[in-house]
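What you see is a predicted model, and the numbers here were worked out from it, not measured in a lab.
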Amino acid sequence: NQACEDVSNLLLDGGSADTLGTGVYSGITVNQINQNYFFYPSTADSGNFKITYTFTSLEGCVDSLFDTIRVDTLPKVSILTLPGVCEDGDSLVLDTFGLPFGGTFTGSAVFFDTLSSIFYFNPDSATPGASNLIFYSYTETATGCSNQNNTLGTLNLKPNLNFSNLPDFCISDTAFQITQYSPQGGYFKGIGIDSTQNNWFFVPDSSGVGNNIQTKYIYTNSQGCTDSTSISTVVNALPAISFTIPSNSDTLCFTSSNLNVPLNTGTPFGGVYSGKNVSFNNFNRANVAPGVDTVFYTYTDPNTGCVNTISD
């Protein structure tokens, strides 16, 4: 006979006789309630307890016999400290945290995978904070006695990130320092990203031309939870332009006539001519010294604001 120490009471009803009379039970923690006798394992120490059954016949003859009940202690059950899990993160394998090994976990955020026979703390079912009650139960094989313990599982929220769009760029623009993001302390990934002394830059001529250049900001908070956010950036090409001084004007002689040479061959039309002796889209020979002069044609794309310059 055996009982676990958490059993409140056991009804003693195994004594009998082959004649009429009265039987009584006696022993440590044995009590009578009305006509019934009970043994109380919960108030007894662990070990073996002698229970005596004494029978008195109607004739006054007395006999007795005894049996032994073993009271077993409950297994000592504990749960190692659980690390927090992150919102939208991986589930935490619980099996290695329960002691002794081999028990079962239960709780509103606990999931049991029947294929792998593994217990998990599931972030998708958990509530934020250290408010997720997790129970661990273990049964001692030798005695059949069970015990349980509990702990709180923590769900940490992922960081709240802000990353504003970058302006549109021209391929010729200089490096642009990225400052419109929070919280600080993360890092950027993407084509055209560069960093110098913890400052982050977008470098258009490294990214190349495109309408959907992705830049990602990645941040990990103090609880170890990581999140990222991405934006799309536009890098525009410079406008394609051409300019050649007409062949009948590329070699000029000093003369008092035709001092102004019109400049009108730059395309697309609408650009600006410049140079040492250029004004109002004319090349002025009045003050030109013998030699070679350079004329520049600069055009601004009205759609992108990108500027390109060519010379002849």
Peer 1: Flag yes if more than 12 heavy atoms outside L133 fall under 6.0 Å of its CG atom; otherwise flag no.
Peer 2: yes

Peer 1: For residues 224-239, which residue pairs qualify under salt bridge (charged side-chain N to carboxylate O under 4.0 Å, His left out), counting only residues two or more places apart or in two chains?
Peer 2: none

Peer 1: Is atom CZ of F66 surrounded by more than 12 heavy atoms (other residues, nucleotides or ligands) closer than 6.0 Å?
Peer 2: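 Counting other residues, nucleotides and ligands, CZ of F66 stays at 12 neighbours or fewer.
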
Peer 1: For C4 and T143, which heavy atoms make the closest approach, and how far apart are they?
Peer 2: SG-O, 4.3 Å

Peer 1: By side chain to side chain contact (heavy atoms under 4.5 Å, CB included), which residues pair with C170, not counting sequence neighbours?
Peer 2: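 Only S172, D173, L238, C306 meet the side chain to side chain contact (heavy atoms under 4.5 Å, CB included) criterion with C170.
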
Peer 1: What pairs with S116 under side chain to side chain donor-acceptor pair (under 3.5 Å), at least two apart in sequence or on another chain?
Peer 2: D113

Peer 1: For residues 148-157, which residue pairs qualify under side chain to side chain donor-acceptor pair (under 3.5 Å), counting only residues two or more places apart or in two chains?
Peer 2: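 As it turns out, the side chain to side chain donor-acceptor pair (under 3.5 Å) pairs with a partner in residues 148-157, which skip direct neighbours, are S137-Q148.
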
Peer 1: Side chain to side chain donor-acceptor pair (under 3.5 Å): which pairs involve residues 204-213, sequence neighbours left out?
Peer 2: N212-Q214, N212-S232

Peer 1: Please check this pair: side chain of Y40 against backbone of I28, looking for a donor-acceptor N/O pair closer than 3.5 Å.
Peer 2: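 No, the answer is negative, given that no donor and acceptor are paired below the 3.5 Å cut-off.
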
Peer 1: Any side chain to side chain donor-acceptor pair (under 3.5 Å) involving residues 24-34? Give me the pairs, sequence neighbours left out, ordered by first then second residue.
Peer 2: Q32-Y37

Peer 1: Would you list the pairs meeting salt bridge (charged side-chain N to carboxylate O under 4.0 Å, His left out) in which at least one residue belongs to residues 52-69, sequence neighbours left out?
Peer 2: none

Peer 1: Nearest 0.5 angstrom please: T96 OG1 to F101 CZ, how far?
Peer 2: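 Reported value, rounded in 0.5 Å steps: 6.5 Å.
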
Peer 1: Can you give me the closest heavy-atom contact between S108 and S125, atom names plus distance?
Peer 2: O-CB, 3.9 Å

Peer 1: Could you tell me the separation between the CG atom of L94 and the CZ atom of F121, rounded to the nearest 0.5 Å?
Peer 2: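 Answer rounded to 0.5 Å: 8.0 Å.
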
Peer 1: Got a sec, which residues hit side chain to side chain donor-acceptor pair (under 3.5 Å) with S182, two or more places apart in sequence or on another chain?
Peer 2: N162

Peer 1: If every non-hydrogen atom of G89 is compared with every non-hydrogen atom of P123, which pair is closest and at what distance?
Peer 2: O-CG, 3.7 Å

Peer 1: Quickly, which of Y181, W200, Y187 forms a ring-ring contact (aromatic ring centres under 6.0 Å, His included) with Y217? Name it, please.
Peer 2: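 Result for ring-ring contact (aromatic ring centres under 6.0 Å, His included) with Y217: Y181.
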
Peer 1: Nearest heavy-atom pair of L74 and C145: which atoms, and what distance?
Peer 2: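 Closest approach of L74 to C145, heavy atoms only: CD2-CB, 4.0 Å.
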
Peer 1: So how far is it from N122 CG to N132 CG, rounded to the nearest 0.5 Å?
Peer 2: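 Here the interatomic distance stands at 10.5 Å.
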
Peer 1: Between F243 and Y299, is the gap from one ring center to the other below 6.0 Å?
Peer 2: no

Peer 1: Test of understanding: with side chain to side chain contact (heavy atoms under 4.5 Å, CB included), list the residues that count as partners of N165, not counting sequence neighbours.
Peer 2: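 For N165 the side chain to side chain contact (heavy atoms under 4.5 Å, CB included) partners, ignoring immediate neighbours, are I231.
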
Peer 1: Donor-acceptor check, side chain of T54 to backbone of V24, threshold 3.5 angstrom: yes or no?
Peer 2: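 Side chain of T54 to backbone of V24, a donor-acceptor pair under 3.5 Å: no, none is there.
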
Peer 1: Going by ring pair (Phe, Tyr, Trp, His ring centres under 6.0 Å), name the pairs with one or both residues in residues 139-172, residues two or more places apart or in two chains.
Peer 2: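 Checked against ring pair (Phe, Tyr, Trp, His ring centres under 6.0 Å) - neighbours excluded - the pairs reaching residues 139-172 are F163-F188, F169-F176, F169-F202.
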
Peer 1: To the closest 0.5 Å, what do you measure between CG (L12) and CD1 (I69)?
Peer 2: 5.5 Å

Peer 1: Would you check if the side chain of Y273 reaches a backbone N or O of V295 as a donor-acceptor pair within less than 3.5 Å?
Peer 2: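 It does not hold such a pair.
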
Peer 1: If you count the non-hydrogen atoms of other residues, nucleotides and ligands that lie under 6.0 Å from CG in L161, is the total more than 12?
Peer 2: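 Enclosed.
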
Peer 1: What's the separation between atom CZ in F119 and atom CZ in F111, rounded to the nearest 0.5 Å?
Peer 2: 10.5 Å

Peer 1: Using side chain to side chain donor-acceptor pair (under 3.5 Å) as the criterion, list what pairs up with S242, not counting sequence neighbours.
Peer 2: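 If we apply the side chain to side chain donor-acceptor pair (under 3.5 Å) test to S242, skipping adjacent residues, the hits are T267.
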
Peer 1: Side chains of N1 and T68 only: does a donor on one sit below 3.5 Å from an acceptor on the other?
Peer 2: no

Peer 1: By the side chain to side chain donor-acceptor pair (under 3.5 Å) test, which pairs, at least two apart or in different chains, include something from residues 71-88?
Peer 2: Q2-D72, R70-D72, D88-K158

Peer 1: Indicate the atoms forming the closest heavy-atom contact of P268 with I241, along with that distance.
Peer 2: CD-CG2, 3.7 Å

